[in-house]
Structure formats: structure tokens, C-alpha cells
Amino acid sequence: MIKRVRVRFAPSPTGGLHMGGVRTALFNYLFAKKHGGDFILRIEDTDQTRFVEGAEEYIINALKWCGIAPNEGVGFGDGPHKPYRQSERKELGIYKTYADKLIGSGHAYYAFDTSQELDEMRKRMEAAKVVAPQYNAITRQNMRNSLTLSEDEVKKLLENGTPYVVRLKVPRNEEIRFQDIIRGWVTVNSSQVDDKVLLKSDGMPTYHLAHIVDDIEMQISHAVRGEEWLPSAPAHILIYRYLGLENEMPLLAHLPLILNPDGNGKISKREARFPVFPLSWKDPREETPYIGYKESGYYPEAFVNILALLGWNPGTNEELFSVEELGKIFDFDRVHKSGAKFDPEKAKWFNQQYLRKKSDAELAEAFKPVLKEKGIVRDDKFIEEFCKLLKEKVQFTHEFWEQGKYVFEMPAHYDEKVITKKWNETSKDLYTKLLTRLENLSNWDAIILHDDFALAQTEIGKLDMQLVRVLITGVAGGPQLFDLLALLGKEESLTRLRTALSKLS
RNA sequence: GGCCCGUUCGUCUAGGGGUUAGGACACGUCCCUUUCACGGAUGAAACACGGGUUCGAUUCCCGUACGGGCUACCA
């Protein structure tokens with residue numbers, strides 16, 4: 001029997017969703033698309049101490065912006081397995097049922113140790129030169145739990161309402177072998193796995209129990225998550241096994257991490273010199289908000305394209321893909337094992353590629369707010385023409401202004417380098433003659449201007465086109481000069497030329 | 001420290017027992033353009049190291065080095 005593909009993205013609402021998380025969501029989404037399956041959003045809010053206001057909403061909005069919306073789950077209409085928020089599922093007693101089952105079969109036990117007692121145990125272990133103190137098959141023998149306490153004592157403690165956790169009883173020395181879709185077979189000895197807490201003293205499940213219960217109940221076919229989960233996967237295998245669900249458990253896929261471009265480690269939101277969040281994120285606990293890809297001028301399709309190629313590739317030389325295309329060709333067999341350093345420079349290039357695919361009208365529409373903000377009024381046709389001229393020069397919409405503001409404003413000063421080099425005592429006379437010629441020109445379009453300039457050179461002397469450009473715009477570079485003159489129009493162009501001539505005397 | 005995972009140009013990567021080790025970003029040069037950019041061409045640039053296995057290893061195996069992850073009543 002082949003299971004229907006059902007994958008989930010299951011973040012914790014502990015902050016803004018960063019690009020690594022989005023990439024995990026994306027790969028889940030693409031895999032679901034590829035196999036015509038379901039993509040589910042589950043909110044894993046089992047840690048009440050780390051809950052952050054607005055995080056859940058942010059996650060939902062970010063997925064929407066990226067165009068990788070789940071078809072089931074929190075914020076996306078729920079579905080047959082609702083609720084999809086673990087805190088709500090806990091109220092239903094779902095997790096306790098499974099925990100009780102494990103206790104019943106002797107694979108889990110109650111532990112009454114206080115955090116102080118746990119600290120003391122760790123200190124003792126460290127003093128005894130144990131490098132990694134663990135609550136495990138050895139140390140649990142000296143702790144206060146239902147394995148060391150008598151049945152009566154345990155009963156009494158429970159009746160008295162003594163706080164307890166439920167721990168997984170991990171065997172002392174047993175090979176645990178499991179297959180990962182991306183990494184192949186992984187073998188770990190159970191001596192390396194601690195007796196993981198399954199149910200916390202506040203009654204909430206930990207991730208380890210909760211995700212397993214939910215993946216089973218929600219009929220998840222593939223558990224796709226970051227590499228940071230690989231070390232705890234053996235414990236998860238044990239839980240499935242002790243629950244008698246090993247044959248029903250989802251296939252595992254551990255994704256490589258996205259690494260910091262310079263130096264090492266996972267991308268850090270604090271130190272990064274590039275956006276790490278898709279949308280800007282204001283953490284209620286912090287002063288300054290983080291600016292997002294959206295606010296930095298990235299198109300969602302570019303952002304998604306960048307992410308898709310971090311740790312995966314199509315096996316061809318093509319690099320530009322829409323989400324739809326990716327959903328047809330993506331699969332785990334071409335996902336890497338090793339982490340990928342993120343390159344902000346290449347990210348910009350991707351955005352440029354998408355910007356250039358936009359029509360002049362679309363670009364103009366996006367640029368209008370900038371003009372409006374500056375109090376500049378121009379008709380649509382003018383703005384479109386402007387965008388057409390400058391689109392080859394920009395990577396982001398906001399650069400239209402930086403690159404071409406001289407179209408909308410009279411030059412305040414003239415590029416010094418060019419003036420120093422090219423403006424001499426004969427210039428004023430020469431360009432005044434040019435001005436006179438242009439005043440008499442009846443047609444003002446790029447081709448006519450081009451021809452007339454050529455002709456002018458034979459009649460009034462050699463013109464320096466870059467100098468002309470500087471007289472008109474103030475800056476040394478820009479789009480085709482004749483196109484630019486045509487865009488400015490005769491009156492504006494000549495006014496600028498006159499102004500320059502008088503200022504430069 | 002221990003455990004797990006990894007390692008092809010600076011970066012993202014293709015490839016995979018016999019290749020001039022391919023592409024993209026960034027960088028250099030040239031062409032196009034009466035400027036800049038775009039585009040085109042081109043250059044520099046990589047199989048971490050040491051042992052095996054093999055006629056032959058960048059490719060397979062083992063070590064080492066390096067990188068990363070994990071090592072909570074966090075996910």
C-alpha cells in the first residue's frame with residue numbers, strides 16, 4: 001500500500017520565521033506538490049515559556065507571501081485532523097493517552113526529580129569526569145522515579161499531586177538503525193540517547209512525544225525537518241517502536257542547514273548583514289525590528305527561487321524556476337547532505353532576473369509610490385518610459401530612484417570629474433551653439449536627435465557626449481542619451497542645458 | 001569533551017573508477033554601446049590530507065584534519 005503524501009511544516013511560535021524555516025517549509029510544499037499530496041501547517045506551541053506574541057500570525061503571513069500556502073492547518077482552514085495547534089490538542093488529552101500507553105507497556109516511567117536534584121546529579125557526574133551527564137539507564141537508578149521508588153510511594157506521590165514528568169525508558173546498550181531519505185542509513189547506540197522527557201510537569205508534551213503523536217494521527221507520510229533533529233531521531237524511532245507504530249511511522253528526511261555566508265554556523269538574525277526574515281519582524285521583546293526580504297525589495301518569486309537552490313538543484317544548468325515549475329521537478333533525491341552558505345550577492349542577482357521579466361507597466365506601478373512620497377507628479381506613460389530606460393540598470397525597484405532621480409529633478413551640481421576633465425574655455429561657445437541648433441529642431445525624438453547630433457559635429461565642432469550628459473543630468477552615467485533627451489522633452493532638456501551653461505561660466 | 005552528519009573553484013553547485021573536472025554569482029580582460037549598465041566573448045579559480053582497493057582513483061573503503069549539528073521539563 002502506498003501512502004498518500006502528507007507532509008507538514010511544524011514551527012514553534014517562538015519568534016519570526018527565518019529563511020531556514022521558510023526553506024524547510026518550501027521543500028515540504030514542493031514535495032507535496034510533486035506527489036499531489038497535502039501540505040499541513042501545525043503549530044508546535046508546547047513551550048509556554050517561549051511563546052511570542054504575533055509569531056504564529058507572522059508564520060502564516062510569511063508562507064502566504066512566499067506563495068507556499070499549506071492546504072490544511074492553522075490559518076489555512078484547519079482540516080479533518082483539527083485542531084492543529086498542539087496546545088489545543090493537549091487539552092483533548094491526546095498526548096497523555098500515548099504517554100500512558102508507554103507507561104503501561106513499561107517503556108516510560110514517572111520521574112519526580114526537581115530541577116535542583118537534576119542539577120546536582122549533573123554536577124556529581126561532572127565531578128566524576130563524566131563528559132556528558134545524562135538521565136539514562138545508569139543514572140536513573142539513583143534518581144527519584146517510578147523505577148526506583150516502590151509502587152506505594154509512587155502512588156502516594158501521584159495522589160499528592162507531586163509534580164512529575166514522564167520519561168522514555170531508553171535501553172542501556174542497543175543499536176538503533178534507521179533510514180533517512182537524504183542521508184541513508186544512520187546507526188546510533190542507545191547509550192548515546194538519554195531518557196527523554198515525554199510529558200512535562202505542566203502536562204504539556206515535549207516535541208519528542210508531540211510530533212510523533214501528531215504525525216501518526218495526522219497520517220503524515222514524510223517527516224521533513226532540519227538537520228538539527230538528526231541526533232534525536234533515534235529516540236523517536238524508539239518511541240514509534242514502543243508504541244507499536246514502527247511500520248506506520250513517516251519516512252524521515254533531514255535537510256542540510258543554511259549557513260552564514262562569512263564564517264561559520266547557522267544564520268544568526270543578529271549579526272547578519274542581509275535580511276534573514278521574509279517579512280520584517282518586530283519581536284515584542286526587542287527594540288528594533290528586523291527588516292525583511294519583502295521590505296528590502298525582493299520579489300517573493302525571487303526569494304523562493306534562491307531558497308530552492310540552497311541544498312537542492314535540478315541537475316541541469318538552469319537556475320530560474322517558478323514555484324510551479326519547482327513543484328513539478330523537486331524531489332529529495334537531489335537534496336544535498338551538506339550545509340550551504342548563503343550568498344547575498346547571488347540573491348541580488350536572482351532578484352534582478354525577476355525584475356527584468358516584469359513589464360514596464362508593472363515596474364511603473366511599483367515605482368509610483370516612491371514618486372508620490374517625494375511629491376512628484378508625472379503621467380503613467382512618462383513613468384513607464386522611465387522604467388523602460390532604467391530597468392537594465394537596477395536590481396530592485398527602489399533603485400530606480402537612486403539611479404534615475406535626475407530625470408525628475410534639475411541637477412544640483414555637475415559631476416566634478418567630468419567637468420574638470422572636459423570643460424574648457426571653448427566649451428561654453430560650442431555648447432551654446434548646440435543649444436541654438438536644438439532650439440530650432442522641430443522634431444524631438446531619439447532618432448532625430450541622434451542624426452542631428454551627428455550632423456552638428458560636422459558643422460559646429462566635436463561634441464563630447466558625456467559632457468552633454470553631465471550638462472543635462474549632472475551625472476556621468478545613465479541610459480542612452482538620446483532616449484533620455486526624448487524622455488525629458490525639448491523644453492526641459494533645453495532649460496537644463498541653458499542652466500548648465502550659465503552656471504558653468 | 002562525547003555522539004551524529006558532512007567536505008568539488010571565494011560562494012552555490014554538475015559530475016562520478018579513465019573527463020581539457022562543466023555551469024552560475026562575484027572578480028579580471030576584450031567586444032558592443034559617442035557614457036554606465038545589459039548582452040556577447042574570454043581569463044584566473046576547485047576534487048582537504050594520508051593510507052589502502054584497482055591497470056587506473058576526485059569518484060569506493062579506512063584513518064586524519066577541518067566544518068556543522070546535538071548534548072534541557074527548547075523546539
Side-chain angles (χ1 to χ4, degrees), chain A residues 10-15 44-47 49-50 111 113-115 118 122 129-135 163-167 180 182-184 186-189 191-194 196-208 210-211 225-234 254 256-257 259-266 306 309-320 334 336-350 352 356 389-394 403 418 450 453-454 457 462-470 473 475-482 484:
Chain A
S12 294
T14 55
E44 309 216 325
D45 56 346
T46 53
D47 187 351
T49 64
R50 292 209 311 158
D113 317 280
T114 63
S115 57
L118 288 170
R122 292 198 184 97
K129 300 245 162 94
V130 173
V131 278
Q134 278 188 336
Y135 204 114
Y164 68 89
V165 300
V166 173
R167 282 182 185 270
D180 181 282
I182 293 165
R183 281 146 216 285
V186 178
T187 309
V188 181
N189 191 285
S191 63
Q192 301 302 320
V193 181
D194 65 340
K196 296 228 176 300
V197 171
L198 266 18
L199 229 44
K200 300 186 258 190
S201 54
D202 64 359
M204 278 283 189
T206 59
Y207 169 82
H208 305 293
H211 93 275
R225 69 226 305 195
E227 192 185 353
E228 69 269 25
W229 290 110
L230 201 50
S232 53
H254 289 95
L257 266 17
L259 273 16
N260 224 26
D262 42 75
N264 344 308
K266 301 196 278 194
I306 293 159
L309 260 32
L310 246 29
W312 173 87
N313 76 86
T316 66
N317 284 338
E318 281 174 83
E319 293 189 292
L320 266 20
R334 297 201 68 90
H336 278 208
K337 293 183 174 78
S338 49
K341 284 185 188 165
F342 173 68
D343 181 0
E345 287 307 311
K346 186 140 190 184
K348 290 178 191 166
W349 176 82
F350 270 105
Q352 184 180 28
R356 290 167 60 178
L389 286 187
L390 277 110
K391 78 191 277 190
E392 301 297 317
K393 306 180 67 62
V394 302
Q403 288 288 325
V418 175
H450 176 272
F453 267 73
Q457 306 227 42
K462 174 112 178 82
L463 299 166
D464 187 301
M465 302 311 287
Q466 196 181 22
L467 187 52
V468 176
R469 172 187 295 280
V470 170
T473 69
V475 299
Q480 288 291 334
L481 181 58
F482 302 116
L484 196 56

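The model shown is predicted, which means the values in this text are computed figures rather than measured ones. Order of the sequence lines fixes the chain letters, A, B, ..., with proteins taken first and strands second; residue numbering starts at 1 for each chain.
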> CG of A/Asn189 versus P of B/U71: gap in Å, rounded?
Replying inline: 19 Å
> Which whole-number value in Å describes the distance from A/Leu257 CG to B/G67 C1'?
Replying inline: 12 Å
Please tabulate, one pair per line, each protein N/O and nucleotide N/O from nucleotides 73-75 of chain B that are separated by under 3.5 Å, including the distance.
residue	atom	partner	partner atom	Å
B/C73	OP2	A/Arg122	NH2	3.4
B/C73	OP2	A/Arg167	NH2	3.2
B/C73	O2	A/Ser201	N	2.7
B/C73	O2	A/Ser201	OG	2.8
B/C73	N3	A/Ser201	OG	3.0
B/C73	N4	A/Asp113	O	3.1
B/C74	OP2	A/Lys200	NZ	3.3
B/C74	O2'	A/Asp47	OD2	3.0
B/C74	O2'	A/Arg50	NE	3.2
B/C74	O2'	A/Arg50	NH2	3.2
B/C74	O2	A/Arg50	NH1	3.4
B/C74	O2	A/Arg50	NH2	3.4
B/A75	OP1	A/Thr46	OG1	2.9
B/A75	OP1	A/Lys200	NZ	2.7
B/A75	OP2	A/Tyr207	N	3.3
B/A75	O3'	A/Ser12	OG	2.7
B/A75	O3'	A/Glu44	OE1	3.4
B/A75	O2'	A/Ser12	OG	2.7

> Where the side chain of A/Lys337 is defined as all heavy atoms beyond and including C-beta, which of B/U34, B/G6, B/U13 is the nearest nucleotide?
Replying inline: B/G6
> What nucleotide among B/U71, B/C3, B/G69 has an atom nearest to a side-chain atom of A/Val188?
Replying inline: B/C3
Below 3.5 Å is the cut-off: list the nitrogen or oxygen pairs between protein and nucleotides 8-12 of chain B, distance only.
residue	atom	partner	partner atom	Å
B/C12	OP1	A/Lys341	N	2.9
B/C12	O2'	A/Leu309	O	3.3

Protein-nucleotides 37-39 of chain B N/O pairs closer than 3.5 Å?
residue	atom	partner	partner atom	Å
B/A37	O2'	A/Glu392	O	2.8
B/C38	O3'	A/Arg356	NH1	2.9
B/C38	O3'	A/Arg356	NH2	3.3
B/C38	O2'	A/Arg356	NH2	2.7
B/C38	O2'	A/Glu392	OE1	2.7

> Who are the side-chain contact (heavy atoms from CB on, under 4.5 Å) partners of A/Gln352, not counting sequence neighbours?
Replying inline: A/Trp349, A/Arg356, A/Gln395
>> According to side-chain contact (heavy atoms from CB on, under 4.5 Å), who are the partners of A/Thr316, at least two apart in sequence or on a separate chain?
In response: A/Pro314, A/Glu318
>> Please determine whether a side-chain nitrogen of the Lys or Arg among A/Arg50 and A/Asp47 lies less than 4.0 Å from a carboxylate oxygen of the Asp or Glu.
In response: yes
> Any Lys/Arg nitrogen of A/Asp194 or A/Lys196 sitting under 4.0 Å from an Asp/Glu carboxylate oxygen of the other?
Replying inline: yes
> Does A/Gln192 offer a backbone N or O that forms a donor-acceptor pair with the side chain of A/Asn189 under 3.5 Å?
Replying inline: no
> For A/Arg183, which residues count as a salt bridge (charged side-chain N to carboxylate O under 4.0 Å, His left out) partner, sequence neighbours excluded?
Replying inline: A/Glu227
> Closer to the 5' end of RNA chain B via nearest nucleotide, is it A/Asn313 or A/Leu463?
Replying inline: A/Asn313
> How far, in whole Å, is B/C25 from B/G18 if one measures between their P atoms?
Replying inline: 29 Å
>> Return the pairing partner of B/A14 with a 3.5 Å limit on both distances, Watson-Crick or G-U wobble; otherwise return none.
In response: none
